[in-house]
Student: 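My questions all concern the structure below.
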Amino acid sequence: MVKTLGKYITGFRRDSILTPVCMIIEVICEMIMPLLMASIIDKGVQAGDLGHIYKVGVLMVICALIGLLGGLIGAKLAARASAGFARNLRRGMFENIQTFSFANIDKFSSAGLVTRMTTDVTSIQQAYQMLLRMCMRAPATLIIALVMAFSINKKITSVYMVAVIFLAVCVSFLIRAAMKYFRQLFKMYDGLNSSVQENVTAIRVVKAFVREDYEIDKFAAANKKLYDICVKAESIVVINMPLMMTTVYTCILLISWFGAHMIVNNELTTGELMSLLTYCMSILMSLMMVSMIFVMMSMSIAAMERITEVLTEDASIKNPENPVMEVKNGDIEFKDVYFRYNMTSKEPVLTDIDLKIKSGEVIGIIGGTGSAKTSLVNLISRLYDVTGGEVLVGGRNVKEYDLEALRNEVSVVLQKNVLFSGTILDNLRWGKKDATLEECKEACRISCADEFIERFEDGYETKIEQGGTNVSGGQKQRLCIARALLKRPKVLILDDSTSAVDTATDAKIREGLKTAIPDTTKIIIAQRISSVQHADRIIVMDNGRINGVGSHDELLKTNEIYREVYESQTVGNGDFDENGGAN
């Protein structure tokens with residue numbers, strides 16, 4: 001874990017090395033000050049030597065200025081190093097997440113990934129800054145102060161040693177007790193973020209069903225769990241402070257008592273006692289800093305483990321060593337394909353799939369909810385890998401292709417349409433980053449998106465809100481189809497992507513696709529028979545298996561499932577929006 005995270009200090013190693021050096025300089029200057037003060041008292045004040053007071057006073061000012069400068073430079077370097085470390089961690093996680101397959105993403109919740117890139121990284125940033133400054137300053141102060149104290153009087157310094165051992169044992173017990181709660185704490189953050197994210201994303205549904213009170217109660221429950229864990233963890237950690245202060249005051253009383261007796265017996269001077277009391281505070285304060293470091297590190301260890309999980313997660317789908325860079329055509333073949341999302345699940349999602357699709361064919365896929373229609377097409381662009389068998393595109397196994405080359409030629413309009421903040425033109429150019437305005441207009445004409453874009457005041461420069469909330473479901477679907485068309489792919493997959501448009505517009509889109517990209521293999525997943533009945537062939541899916549393949553007329557005669565769906569949708573006057581409907 002430490003080795004993995006250590007790679008991300010790159011670019012800030014110099015700052016990370018110089019910070020402890022500055023801290024040591026500051027500590028040395030601070031530790032010299034009590035000796036100089038003792039010299040002023042014993043050799044200046046008591047001896048009445050004003051010249052000695054001035055000379056040592058100047059040395060104290062110089063030491064103070066050097067220590068101050070070391071502290072300021074160290075603080076600046078530590079802040080820069082910790083902020084840079086956090087920046088590198090966030091960038092590293094984000095870059096690795098971009099390589100994840102759908103299977104990898106399924107492993108981490110989106111809320112969990114957000115927590116890791118924000119709360120967890122912030123925790124590590126604070127811990128690293130403390131590590132650079134305090135982890136060098138506190139031990140250095142402790143060691144130097146003990147050496148100085150021993151050089152003054154060994155007997156009284158034994159009080160320090162007892163206090164150090166006592167506190168070290170107590171702090172180790174406290175940290176061990178608090179650690180289990182800190183591990184739970186970050187998981188609670190995931191739950192809280194998940195509740196907030198889900199509510200904000202689906203706020204329209206929440207309001208439509210008047211579920212605000214339910215969502216408030218749900219959030220309150222998650223918030224209460226987080227509160228309870230925080231209280232338990234902090235109730236253990238706060239014991240540290242009274243324990244420290246009790247030890248500090250006990251040491252001061254003991255040193256004062258023994259020191260006073262030793263002064264009376266001429267075994268110790270007044271200046272030396274003052275120095276010993278100063279070193280007592282320095283030693284015990286350094287112990288307090290060490291305990292704070294351990295507490296912070298205890299919290300950050302849980303965050304470090306979670307971040308390391310993301311950084312070391314290997315993408316389950318990778319490029320082969322010598323990938324094929326060109327997809328020959330839109331031929332697709334499934335050979336004895338089996339597929340599971342989870343390898344431990346008993347039943348596969350897809351079973352015994354054998355299918356051949358010729359380049360340029362229009363294929364319809366229909367079936368009930370949960371029949372694995374989407375799972376089937378996800379294997380074509382290698383969004384998931386098959387569990388058994390193989391999928392071929394252009395005569396080659398999809399595992400042989402470069403992922404970017406394959407996915408550029410297999411364009412997918414997913415079931416959940418997503419638009420990004422920016423203009424309509426920006427969103428369209430996701431399909432082809434250097435697409436001209438005319439190319440974008442042509443793609444929109446084919447997808448029937450041009451008719452509503454032209455009604456917007458700013459046309460193709462109209463701003464799209466995050467998630468496409470300022471356009472309707474049908475408009476969003478048509479923009480996503482246009483975006484996919486700009487790739488001019490060899491395979492186009494429409495995963496129930498015209499469900500929000502009326503049947504008349506749906507027919508126009510299908511006709512536009514047929515005319516504009518005749519050589520492209522088109523796979524249309526739909527719930528409506530009208531969307532697939534004109535396809536060259538229709539695949540009927542049922543419970544992860546192919547139940548039937550054929551034309552519309554053939555399936556009406558031979559396939560019971562298809563016939564039942566057809567009859568349920570065409571009873572009476574057919575689809576309500578057959579002659580046009582709302583966009």
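All residue numbers in this chain count up from 1 along the given sequence.
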Student: Are more than 12 heavy atoms from other residues, nucleotides or ligands located less than 6.0 Å from atom CZ of Arg396?
Tutor: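 At most 12 heavy atoms, drawn from other residues, nucleotides or ligands, come within 6.0 Å of this atom.
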Student: On a heavy-atom basis, which atom in Cys448 and which in Ile509 lie closest, and how many Å separate them?
Tutor: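 In this case the closest contact between Cys448 and Ile509 is SG-CG1, 3.8 Å.
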Student: Answer yes or no for Arg211 and Tyr214: cation-pi contact, defined as NZ/CZ to six-membered ring centre under 6.0 Å and angle to ring axis within 45°.
Tutor: yes
Student: Who pairs with Tyr8 by side chain to side chain donor-acceptor pair (under 3.5 Å), at least two apart in sequence or on another chain?
Tutor: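 Result, side chain to side chain donor-acceptor pair (under 3.5 Å) vs Tyr8: none returned.
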Student: Within a reach of under 6.0 Å around CD of Glu347, are more than 12 heavy atoms found that belong to other residues, nucleotides or ligands?
Tutor: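 Counting neighbours around CD of Glu347, 12 or fewer heavy atoms of other residues, nucleotides or ligands fall under 6.0 Å, so no.
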Student: Between Lys522 and Ile363, is any pair of side-chain heavy atoms under 4.5 Å apart?
Tutor: no
Student: Given salt bridge (Lys or Arg N to Asp or Glu O under 4.0 Å), test Glu409 with Lys487 step by step and report yes or no.
Tutor: CA-CA 7 Å; Glu409 295 296 352; Lys487 285 188 174 185; over 6 Å; no
Student: Is the CD atom of Glu212 crowded by more than 12 outside heavy atoms at less than 6.0 Å?
Tutor: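 More than 12 heavy atoms, drawn from other residues, nucleotides or ligands, come within 6.0 Å of this atom.
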Student: Can you confirm whether Glu305 is buried at CD, in the sense that more than 12 heavy atoms of other residues, nucleotides or ligands lie under 6.0 Å from that atom?
Tutor: yes
Student: For Ser123 and Asp120, which I'm curious about, is there any donor-acceptor pair between the side chains at under 3.5 Å?
Tutor: no
Student: Thinking salt bridges, do Asp506 and Arg528 make one under a 4.0 Å N-O criterion?
Tutor: yes
Student: Taking atom CZ as the centre, does Phe456 end up with more than 12 heavy-atom neighbours from other residues, nucleotides or ligands that are less than 6.0 angstrom away?
Tutor: yes
Student: Are Asn427 and Arg483 close enough that some pair of their side-chain heavy atoms sits under 4.5 Å apart?
Tutor: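 Yes, close enough: below the 4.5 Å cut-off.
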Student: In this structure, are over 12 heavy atoms from other groups packed under 6.0 Å from Phe420 atom CZ?
Tutor: yes
Student: Count the heavy atoms belonging to other residues, nucleotides or ligands that lie under 6.0 Å from CZ of Arg340, then report whether that count exceeds 12.
Tutor: yes
Student: For Asn378, enumerate each residue passing the side chain to side chain donor-acceptor pair (under 3.5 Å) test, keeping only those at least two apart in sequence or located in another chain.
Tutor: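 Per chain and number, Asn378 pairs via side chain to side chain donor-acceptor pair (under 3.5 Å) with no residue.
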Student: For the residue pair His552 / Tyr562, report whether a side-chain donor-acceptor contact shorter than 3.5 Å exists.
Tutor: yes
Student: Do the side chains of Ile317 and Leu403 get nearer than 4.5 Å, heavy atoms only?
Tutor: yes
Student: Could you check whether Glu390 pairs with Lys399 (Lys NZ or Arg NE/NH1/NH2 to Asp/Glu carboxylate O, under 4.0 Å)?
Tutor: no
Student: For Arg382 and Asp385, run salt bridge (Lys or Arg N to Asp or Glu O under 4.0 Å): C-alpha distance rounded to whole Å, both residues' side-chain angles, the deciding distance at 0.1 Å, then the answer.
Tutor: CA-CA 6 Å; Arg382 210 184 167 200; Asp385 268 341; 2.8 Å; yes
Student: If you compare all heavy atoms of Asn88 against all heavy atoms of Ile9, which two are closest, and at what distance to 0.1 Å?
Tutor: ND2-C, 4.4 Å
Student: Between Glu442 and Leu485, is any pair of side-chain heavy atoms under 4.5 Å apart?
Tutor: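 The answer is no; the side chains never approach within 4.5 Å.
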Student: Between Arg478 and Glu451, is there a side-chain N and carboxylate O pair less than 4.0 Å apart?
Tutor: yes
Student: With side chains defined as the heavy atoms from C-beta onward, is the minimum distance between Arg510 and Val362 less than 4.5 Å?
Tutor: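 Heavy-atom side-chain distance check fails, nothing below 4.5 Å.
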Student: Should the pair Lys514-Glu511 be classified as a salt bridge under the 4.0 Å nitrogen-to-oxygen rule?
Tutor: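 A salt bridge is absent here (no side-chain N lies under 4.0 Å from a carboxylate O).
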Student: Heavy-atom distance under 4.5 Å between the side chains of Val310 and Leu113, does that happen here?
Tutor: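 Heavy-atom side-chain distance check passes, below 4.5 Å.
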Student: Assess whether a salt bridge exists between Lys224 and Asp228, defined as any Lys/Arg side-chain N lying under 4.0 Å from an Asp/Glu carboxylate O.
Tutor: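 Answer for the salt bridge query: yes.
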